[in-house]
Amino acid sequence: MPFTLATWNINSVRLRAPLVEKLLREEGPDVLCLQECKSPVDKIPLEGFQALGYTHMVARGQKGYNGVAILSKLPIRDVGDKDFAALGHARHVAGQLENGVIIHNFYVPAGGDKPDRAVNEKFGQKLDYLSEMRDWFYAGRPEKSILVGDLNIAPLDDDVWDHKKMLKVVSHTPIEVEALGAAQDAGGFVDVTRRDVPEGKLYSWWSYRARDWDEADKGRRLDHVWATPDISNAAHSSRVLRAARGWEQPSDHAPVFATFDL
DNA sequence: ATGGTAGTACAACTA
């Protein structure tokens, strides 16, 4: 049975509950993975989601920062979380559907401004987080698994508006791209979005600070959908819902979709 | 080299 999945950094699930409901109503993914919920789990506004048929949720939260949630029309079982790099942050949770597919929902640390761990502790934490992801997936050898989320790295030249200008900007430095690639390879994950959309610029995030985000279009592809090779061929119809970046009081991220025929 | 915007929560941190 095919199911459609979306991932969206919502930047406060409480403030933007109406936008989540708009997405669920208009696009109707079977599963929606959210990041930066910025809410304790018990304060996520579930009523409106449930009324639209999303009666299942697997989530981790904390007050004010981070937070990840998987909303689902399909039954989903909580299969745990891992505190990579021991930050004590709610940045990962995993759920398993009844067809056996495991969904990992990640919010990788942004990493601060300076791409140098000697002067910027946050950058070091980001690299540590990625290397622990690599080690964990290497040890765990995931199967029938989908990994989504705000990975806070745009790995390919066409994942940023200007590759050369971005080489020293956190999210596109070679050391981050390498660390993300190592984590991806350790789990054997296929970048489903780029398998489906191999050519051309593709972004999922545009800064709030641009005067006109749409006109300037200085975006980055920070949000990803990966799958293990045993199910990656079942994926199709990947897309970014760019229009959501233009909704009223938007998140700075747009949702990324993929459909799996499983 | 700097500052531009946004959310949480009410000062200052994070992105």
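In the text below, chain A, chain B and the rest are named by the order of the sequence lines, each starting its count at 1.
- Rounded to the nearest Å, the gap between the C1' atom of B:dC10 and that of B:dA6 is 16 Å.
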N/O donor-acceptor pairs under 3.5 Å from side chains in residues 117-125 of chain A, not counting sequence neighbours:
unit_1, atom_1, unit_2, atom_2, d
A:Arg117, NH2, A:Gly124, O, 3.3
A:Arg117, NH2, A:Asp128, OD1, 2.8
A:Arg117, NH2, A:Asp128, OD2, 3.1
A:Asn120, OD1, A:Lys122, N, 3.1
A:Asn120, ND2, A:Gly111, O, 2.9
A:Asn120, ND2, A:Lys114, O, 2.7

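- Residue A:Tyr54 belongs to a hydrophobic cluster whose other members are A:Trp8, A:Ile10, A:Val13, A:Leu19, A:Val20, A:Leu23, A:Leu24, A:Leu32, A:Leu34, A:Val41, A:Ile44, A:Leu46, A:Phe49, A:Leu52, A:Met57, A:Leu71, A:Leu241, A:Trp247, A:Phe257, with links defined by side-chain heavy atoms closer than 4.5 Å.
- Mapping A:Gly64 and A:Asp150 onto DNA chain B by nearest heavy atom places A:Gly64 at the nucleotide closer to the 5' end.
- A heavy atom closer than 4.0 Å to some atom of DNA chain B occurs in A:Lys122, these being the qualifying members of residues 113-130 of chain A.
- The side-chain hydrogen bond (donor to acceptor under 3.5 Å, both in side chains) test applied to A:Asp252 returns A:Trp205, not counting sequence neighbours.
- Residues meeting the side-chain contact (heavy atoms from CB on, under 4.5 Å) test with A:Arg209, sequence neighbours left out: A:Ser207.
- A salt bridge is defined here as a Lys NZ or Arg NE, NH1 or NH2 lying under 4.0 Å from an Asp or Glu carboxylate O, and A:Asp214 with A:Arg242 meets this definition.
- Among the atoms of the strands shown, none is found under 4.0 Å from any heavy atom of A:Arg245.
- With sequence neighbours excluded, no residue satisfies salt bridge (Lys or Arg N to Asp or Glu O under 4.0 Å) with A:Asp157.
- Judged as a salt bridge (Lys or Arg N to Asp or Glu O under 4.0 Å), and not counting sequence neighbours, the contacts of A:Lys22 are A:Glu26.
- The separation of B:dA15 from B:dG4, taken at their C1' atoms, amounts to 14 Å, rounded to a whole angstrom.
- In this structure, A:Asp150 has no salt bridge (Lys or Arg N to Asp or Glu O under 4.0 Å) partners at least two apart in sequence or on a different chain.
- With a heavy-atom cut-off of 4.0 Å to chain A, the contacted part of DNA chain B has its first and last nucleotide at B:dG4 to B:dA15.
- Evaluation of the ring-ring contact (aromatic ring centres under 6.0 Å, His included) test over residues 176-196 of chain A, restricted to residues two or more places apart or in two chains, returns A:Phe137-A:Phe189, A:Phe189-A:Trp226.
- Using a 4.0 Å heavy-atom distance criterion, A:Arg16 is classed as a sugar-phosphate-only contact.
- Annotation: proximity of residues 158-167 of chain A to DNA chain B (heavy atom, distance under 4.0 Å) is found for no residue.
- Taking the six-membered ring for Trp and thresholds of 30 and 60 degrees, A:His92 and A:Trp136 have ring planes more than 60 degrees apart, a perpendicular arrangement.
- Remark: A:His89 engages A:Gln62, A:Asn66, A:Leu87, A:Arg91 in a side-chain contact (heavy atoms from CB on, under 4.5 Å) (not counting sequence neighbours).
- Taking atom C1' in both B:dT14 and B:dA9, the straight-line distance is 13 Å, to the nearest Å.
- Of the two residues near DNA chain B, A:Ala110 and A:Cys37, the one whose nearest nucleotide lies more 5' is A:Cys37.
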